[in-house]
Amino acid sequence: MLDLTYPPIIATCKVGFRLLGQRFDLTGTEHVPRRGGVLLAVNHVGYMDFIYGGLAANPSGRKVRFMAKREIFDHPVTGPVMRSMHHIEVDRGEGLASFHTAVDYLRRGEAVGIFPEATISRSMELKEFKTGAVRIAAEAGVPLVPVILWGTQRLMTKDHPKDFSRGKTLAIRVGEPLHPTGTDPVAETADLRGRMDRMLEETIAAYPAQEQPPGSWWTPARFGGSAPTPEEAERLDAEEKRRRAEARRARQGDA
């Protein structure tokens, strides 16, 4: 694909990382192949995960085409930027088109990124996974590489103010690839989630203790943090969904 904006955007981001004094802890990046189609399954804890998730493939010289919700593409600023980088628009009401686009990209040898949880996790733990990741990888016949991000939620996430203060550590863990067959997408999705859950636990345990003191809001409750439990997070998600539905109905009524 012809990339006119992606390389300068990557360069600009790297300058920003240095200015913010961010420290990166990357492991397992050798699991991302240097060529050929590959699907990266990334956990979702913050709004900046598109940027930092792509770094998992950067040592391999790959540019990741992320699958992202349609609302981002509808924005007058982010929409053109996302299209210029050949990211994939996902309409949650009709996901078949994005499925086929992702498969097409992968068969053409691209690296594609997907968030199996679909939305940001308020609990900082893994939410339930959609089966799309394993189905796309199986259909395209490409490896599915699990990626865990940790620390990105400290920059910008739901229910908390932005914090771009200097000196944060950002961990990126890349796991060994899976090779889904598509014969049992539910079981294969459970396998993917199980592997990523173990990776997440290891990443949290290895994160600098001085940056993750007991009671930290960005740490799961079961690890001594004060993030909502998965059950509490589910309730908050439901309330947010209800508010958005009411806002949509109000806009339609005004129209």
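Met67 is connected to Met196 through a chain of hydrophobic side-chain contacts under 4.5 Å among Ile, Leu, Val, Met, Phe, Trp and Tyr, so both are in one cluster. Each of Leu40 and Leu192 belongs to its own hydrophobic cluster when Ile, Leu, Val, Met, Phe, Trp and Tyr are linked at side-chain heavy-atom distances under 4.5 angstrom. Hydrophobic clustering places Val142 together with Val112 (ILVMFWY residues linked when any side-chain heavy atoms are closer than 4.5 Å, directly or through intermediates). When hydrophobic clusters are built by joining Ile, Leu, Val, Met, Phe, Trp and Tyr residues whose side-chain heavy atoms come closer than 4.5 Å, directly or via intermediates, Met82 is grouped together with Leu55. Taking hydrophobic clusters as Ile, Leu, Val, Met, Phe, Trp and Tyr residues chained together by side-chain heavy-atom distances below 4.5 Å, Val42 shares a cluster with Val145.
Judged by distance alone, the side chain of Ser60 and the main-chain N or O of Arg62 form no donor-acceptor pair under 3.5 Å. A donor-acceptor pair is defined here as one N or O able to donate and one able to accept, closer than 3.5 Å; no such pair exists between the side chain of Gln153 and the backbone of Val45. Looking at Arg23, its side chain does come within 3.5 Å of a backbone N or O of Gly167 through a donor-acceptor pair. In terms of modelled atom types and a separation under 3.5 Å, the side chain of Arg173 and the main chain of Leu200 share no donor-acceptor contact. Without hydrogens or angle criteria, Arg65 side chain to Met85 main chain gives a donor-acceptor distance under 3.5 Å. In terms of modelled atom types and a separation under 3.5 Å, the side chain of Glu211 and the main chain of Lys168 share no donor-acceptor contact. Between the side chain of Tyr6 and the main chain of His86, no donor-acceptor pair closer than 3.5 Å is present. Without hydrogens or angle criteria, Thr131 side chain to Pro185 main chain gives no donor-acceptor distance under 3.5 Å.
Taking CD1 from Ile120 and NZ from Lys158, the interatomic distance works out to 5.5 Å, rounded to the nearest 0.5 Å. Between atom CG of residue Leu39 and atom CD of residue Glu110 there is a gap of 12.5 Å, rounded to the nearest 0.5 Å.
Take Ser121 and apply the side-chain hydrogen bond (donor to acceptor under 3.5 Å, both in side chains) test, not counting sequence neighbours, and it matches Ser123.
Counting heavy atoms from C-beta outward, Pro116 and Thr189 have side chains that stay 4.5 Å or more apart. Taking the side chain as every heavy atom from C-beta outward, Thr219 and Met124 never approach each other to under 4.5 Å. In this structure, the side chains of Arg222 and Glu201 come closer than 4.5 Å at one or more pairs of heavy atoms. Counting heavy atoms from C-beta outward, His160 and Arg154 have side chains that stay 4.5 Å or more apart. Counting heavy atoms from C-beta on, the side chains of Gln22 and Leu155 come closer than 4.5 Å.
Using a cutoff of 4.0 Å between basic side-chain nitrogens and carboxylate oxygens, Arg235 and Glu231 are not scored as salt-bridged. A salt bridge links Asp191 with Arg195: the closest approach of a Lys/Arg side-chain nitrogen to an acidic carboxylate oxygen falls below 4.0 angstrom. Using a cut-off of 4.0 Å between Lys/Arg side-chain N and Asp/Glu carboxylate O, Glu240 and Arg244 are scored as salt-bridged. Between Asp104 and Arg108 there is a salt bridge, since a side-chain N of the basic residue sits under 4.0 Å from a carboxylate O of the acidic one. By the 4.0 Å N-to-carboxylate-O rule, Arg107 lies close enough to Glu139 to be salt-bridged with it.
Checking each of His179, His31, Glu176 against Pro143 for a side chain to side chain contact (heavy atoms under 4.5 Å, CB included) leaves exactly one that passes, namely His179.
With ring centers used as reference points, His87 lies 6.0 Å or more from Tyr105.
The ring pair (Phe, Tyr, Trp, His ring centres under 6.0 Å) contacts involving residues 115-147 comprise His44-Phe115, Phe50-Phe115, Phe66-Phe115, where partners must be two or more places apart or lie in separate chains.
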